[in-house]
Structures are given as C-alpha cells and as structure tokens.
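Naming convention: chains lettered A, B, ... in sequence-line order (proteins, then strands); numbering from 1 in each chain. Model, not experiment: these values are computed from the prediction.
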2 protein chains.
Amino acid sequence: MTEYNPKQIEIISITEKLFAEKGFDGTSIREIAKAADINVAMVSYYFGSKEKLLDAIILYRLSSFRLMLENLQAENITAKEKVSKFVAIYIKRIYENRDIYQILHYEIVNQNRTSNFPAFSEIKKNNLKLLEEIIQEGQKEGVFKQNCKSVLIPPIAIGAFFQIYNNKKFYQELIGLQDEISFENYILNEFTNDISNVILGMLIQ
Amino acid sequence: MTEYNPKQIEIISITEKLFAEKGFDGTSIREIAKAADINVAMVSYYFGSKEKLLDAIILYRLSSFRLMLENLQAENITAKEKVSKFVAIYIKRIYENRDIYQILHYEIVNQNRTSNFPAFSEIKKNNLKLLEEIIQEGQKEGVFKQNCKSVLIPPIAIGAFFQIYNNKKFYQELIGLQDEISFENYILNEFTNDISNVILGMLIQ
DNA sequence: AAAAAAATTAAACAAACGTTTAATTTAAAC
DNA sequence: GTTTAAATTAAACGTTTGTTTAATTTTTTT
C-alpha cells in the first residue's frame, strides 16, 4: 500500500472537504490548488489525476475504518446493551467521517466515476455480520424477537443522521440548536439515544 | 405561474432523470440535448439557462406535492392507523418522486447553486405539522407516549429509504431481490410495513 | 397565398476544464 | 561544493463547457 507524505495528506484532507461540500464535478483542480495553496500541477504530480486523487481520499480514509467495532462482541454486557453501544459507536464514526461518507454516498449514486468500492461493501458486510451475531445472542437470551430485521438497522441510523445533517439549518431551527457545538451534542447524545431506542423497540419482543 | 408546453415537459422529465443519476454538474447540456433529441440551443431557448432548467424541474415537480396528505386527518380511523397510513403514503410518494428528491437532496448539500428551496421547506413543515396533530390525537387516546420524537419520523423514513435505494445492488443481493419489480414490491410492502412498525414502536407506550 | 411568429438548426463564442510541458527552484546525497 | 533528485512554477495544451448568434425551417395567423 502506498504511503502518503504530509503534503499529500494535507491535499487529501482539504480536497475531502471540498468534494463533500461541492461534489467531485463541482470542484475544480484550480479550486483545490487555491484552497491547499499549491500549484495546479501538483495534483497531477502527486496523484496522477483528479480521479486518482478521489481514489486516494477513499483509500486513505477507509484504511482506518476496520476494527473499532471488533472489541464490542467480546465485552461482558447484555445483547441489549451491545446494540445500544453498536449504534452509538456507529453514529459517532459516521459523524466524525461524514465527509468521506458524503463523498462515497454521492459517488455510489453517481455512476460517472469508475471507482470501485468493494472495500466499502466489505466493511458494510462485516458490520452487518457482527450485528447479526449480537442479535442472535439476544434471541438466545430471550429478549429479542425471532424475526428481526437486522438489515434495516444501519440504513435507519445512517439515513436518519444524514437526513438531519444535510438539512442542518432546517433542523437546527426546528429543534432549537443555535450553534455547531449544540448540534454536535444533539447528534452524539439525544439523537443517538433516540435512534438506539427506536432500533431496540424493533428488536425487543 | 409559468405553464410548460409538451416539449418543455419532455425536456424536464428527461433532464430530471439525468440530474438524479449524474448530478447537475455531471450532466452537460449536450448530453441533455442528445437524450431529449433536441438541439443544444433549445435549452437556452426554452428555459434561459441550465440553472433555470433546474429551477423549472423543481418548480414543476413540487407544484404537485401539496395536498395528498390533507385528507388523512379527516378519516375516521385511529391515530395508530393514521400513522401507518402516513408512513405508507409518505414512502410511496418519495419512491415515485425519487428523482426530484435525489436532485433536491444533492442541491441542498451542494451550495454551488443559488436556487432557493423555501417551497421545499414549507412542504416539510406542513408534513410535520400534520404528523404532530395525529400524534396529539393518539396521546389523547392514551395510546402514544407523552414525549414523542415526531421530528425523527420523516428523517427515519426518507433516510432509510434512500440508504437502501442508493445501495440498491448491495441490498438486492442481501435481501434476495432479483429484478426491479420485486425491489419495488419490497419497498412498497415489506419495507414500508417495517418502517411503520419501527415508528409506531417509538410512539406507543 | 402572404405575412408574422415560433421553432429549430449549425456554427461560433469565450471561458473553464483537466492535464502536460519545460524551466526553475529547493532539498538530499555524495 | 558539486551532483542528483525532488518539488514547484508559469505557461500552454487540446477539450469541453454553457451560451449566443444568425440563418433557416416550420407553424400559425390573417
């Protein structure tokens, strides 16, 4: 795997934000160069092309995605608590990596690019597998229903989060969250708790 | 309000699909012209510019969005049944208008365009108002909790739908839905029912 | 049938795009 | 301190972009 030097990582980070905000097609190399305070030729020099820069962003961010949830299974808590923890860790990770999620989401919808996202599918599958193990545990404990819709859990969590995040102004006004910090607090506490309860309500008999 | 002739409506419909698939920036006027079998100059001739064509698409689709849910409140059924019906109508409408939802979603995230979406916010607010009336009804009936998170209902429904729709291939494989028809059936029946239950689980004491 | 209006066309426009070049500066190696 | 490699630059490349022009065809009106 390719290692990136500090200059490359800086370009990756700045471009990640721009792509998430304005989209791949909506962001020009000249904009990137200006934001990162580099010459336009540097993108090609370091990454080969704009599209390969996108690949680099995805590769760079996704590489740190593995593990994190692995330890959860081993913990000595009830299945119900594990689901709550899963949701909390999941939403936190999405929130913290919202830029790359936004980019990936759009690039998956938008078939213009030929980037391959099998790595992303793999992560999703692993998450689901872990989740199903936890649910089976809860079924054995007799607290979860037998026909649980585990597949719906990630889309509910991710989907609801991005619906609110992408309509931030609308919901900030609605819920009454003035600044960025109170919004972040809402997401990581109240929202996380609510979604956790919604999902548990679906699982518990 | 401007009326559109059949030729304009054809351009609107074809462009709507292209914008939803490839994004505003990812779709060129020449692509639109080719798909709609018209000369490139016709877009400017009929709509003024590419950006005004986007406005026309939004205006044209959103104008048919009002009502639909209005009658629900008057029906002689329980609040619980009303919520189920609300969710079903809501998901159906999103599914049938998924292209314009996709465009709006992206354009709201993407601040490149100066299109104003107060009409869309208005629709969302009206939906929420109706929903809260139904919930209050259910609270009076004594079936719904006192502190209900009604704000979360639309984002859960829309969010979960688009998470699945935008990762269609992934979920088709996962759930086992070979063709387009069985996917549509899944969304309008099983998925709608599951989401309805999830939301009711959140409301019922 | 003649005149007026609307629709359609091919061609051209300048601007912006991603990318490459070749020259220059900076840093590392010896 | 000289040589070699890496980083950075301004300029130019050929395309593609959205839009406009001016000429032509089609349709409508009288």
Side-chain angles (χ1 to χ4, degrees), chain A residues 1-60 103 106-107 110-116, chain B residues 1-60 103 106-107 110-116:
Chain A
M1 188 179 120
T2 330
E3 294 278 326
Y4 298 115
N5 65 45
K7 199 93 202 168
Q8 284 177 297
I9 291 171
E10 204 198 327
I11 296 170
I12 285 174
S13 299
I14 289 171
T15 311
E16 185 185 24
K17 241 180 210 155
L18 289 174
F19 282 175
E21 269 173 33
K22 306 150 80 75
F24 180 86
D25 292 310
T27 310
S28 72
I29 291 189
R30 282 165 181 83
E31 277 182 89
I32 294 168
K34 206 171 207 173
D37 197 32
I38 52 164
N39 188 276
V40 282
M42 292 309 287
V43 168
S44 291
Y45 177 75
Y46 271 133
F47 300 97
S49 70
K50 188 186 173 187
E51 202 154 332
K52 278 180 188 164
L53 170 56
L54 172 63
D55 289 339
I57 294 171
I58 294 169
L59 191 70
Y60 178 71
I103 294 170
Y106 186 63
E107 289 306 316
N110 187 344
Q111 306 283 24
N112 283 5
R113 245 75 54 203
T114 50
S115 301
N116 41 345
Chain B
M1 188 180 121
T2 330
E3 293 279 325
Y4 299 115
N5 65 44
K7 199 91 203 170
Q8 283 178 295
I9 291 172
E10 204 198 326
I11 296 170
I12 285 175
S13 299
I14 289 171
T15 311
E16 185 183 25
K17 240 180 211 155
L18 289 173
F19 281 175
E21 270 173 32
K22 306 151 81 74
F24 179 87
D25 293 309
T27 310
S28 72
I29 290 190
R30 281 165 181 82
E31 278 182 89
I32 294 168
K34 207 170 207 173
D37 197 32
I38 51 165
N39 189 276
V40 281
M42 295 307 288
V43 168
S44 292
Y45 177 75
Y46 271 133
F47 300 97
S49 69
K50 187 187 174 188
E51 201 154 333
K52 279 179 187 163
L53 170 56
L54 172 63
D55 289 338
I57 294 170
I58 294 169
L59 192 70
Y60 178 72
I103 295 170
Y106 185 62
E107 289 305 317
N110 185 347
Q111 305 284 22
N112 283 5
R113 246 79 53 205
T114 51
S115 301
N116 41 347

Give the rounded distance in Å between these two atoms: [atom1] of [X] and [atom2] of [N].
X: A/Met42; N: D/dA7; atom1: CE; atom2: P; answer: 7 Å
X: A/Lys7; N: D/dT8; atom1: NZ; atom2: C1'; answer: 10 Å
X: A/Lys34; N: C/dC17; atom1: NZ; atom2: C1'; answer: 15 Å
X: B/Ile38; N: C/dA6; atom1: CD1; atom2: P; answer: 19 Å
X: A/Phe47; N: C/dT20; atom1: CZ; atom2: P; answer: 15 Å

Would you please confirm or rule out a distance under 4.0 Å between OP1 or OP2 of C/dA6 and any side-chain N or O of B/Tyr46?
-> no
Summarise protein proximity over nucleotides 14-22 of chain D in one line of letters, 5' to 3': B for base, S for sugar-phosphate only, - for none, counting protein heavy atoms closer than 4.0 Å.
-> ---BBBBB-
Taking the six-membered ring for Trp, are the ring centroids of B/Phe24 and B/Tyr106 within less than 6.0 Å of each other?
-> no
Around B/Asn5, counting heavy atoms of other residues, nucleotides and ligands shown, do more than 12 lie under 6.0 Å from its CG?
-> yes
Between OG1 on residue B/Thr15 and CG on residue B/Leu53, distance to nearest 0.5 Å = 4.5 Å
Quick one: OG1 on A/Thr27 to CG on B/Asn110, what's the gap to the nearest 0.5 Å?
-> 8.0 Å
Quick note, salt bridge (Lys or Arg N to Asp or Glu O under 4.0 Å) partners involving residues 8-24 of chain A, not counting sequence neighbours, are A/Glu16-A/Arg61, A/Lys22-A/Glu31
A/Ser44 backbone acceptor or donor facing A/Lys50 side chain under 3.5 Å | no
Please list, pair by pair, any protein nitrogen or oxygen found under 3.5 Å from a nitrogen or oxygen in nucleotides 25-29 of chain D.
none

Does the pair B/Ile32 and B/Phe19 meet the rule for a side chain to side chain contact (heavy atoms under 4.5 Å, CB included), with working shown?
-> CA-CA 9 Å; B/Ile32 294 168; B/Phe19 281 175; 4.1 Å; yes
Relative to each other, are the rings of A/Phe47 and A/Tyr4 parallel, tilted or perpendicular (30° and 60° limits)?
-> tilted
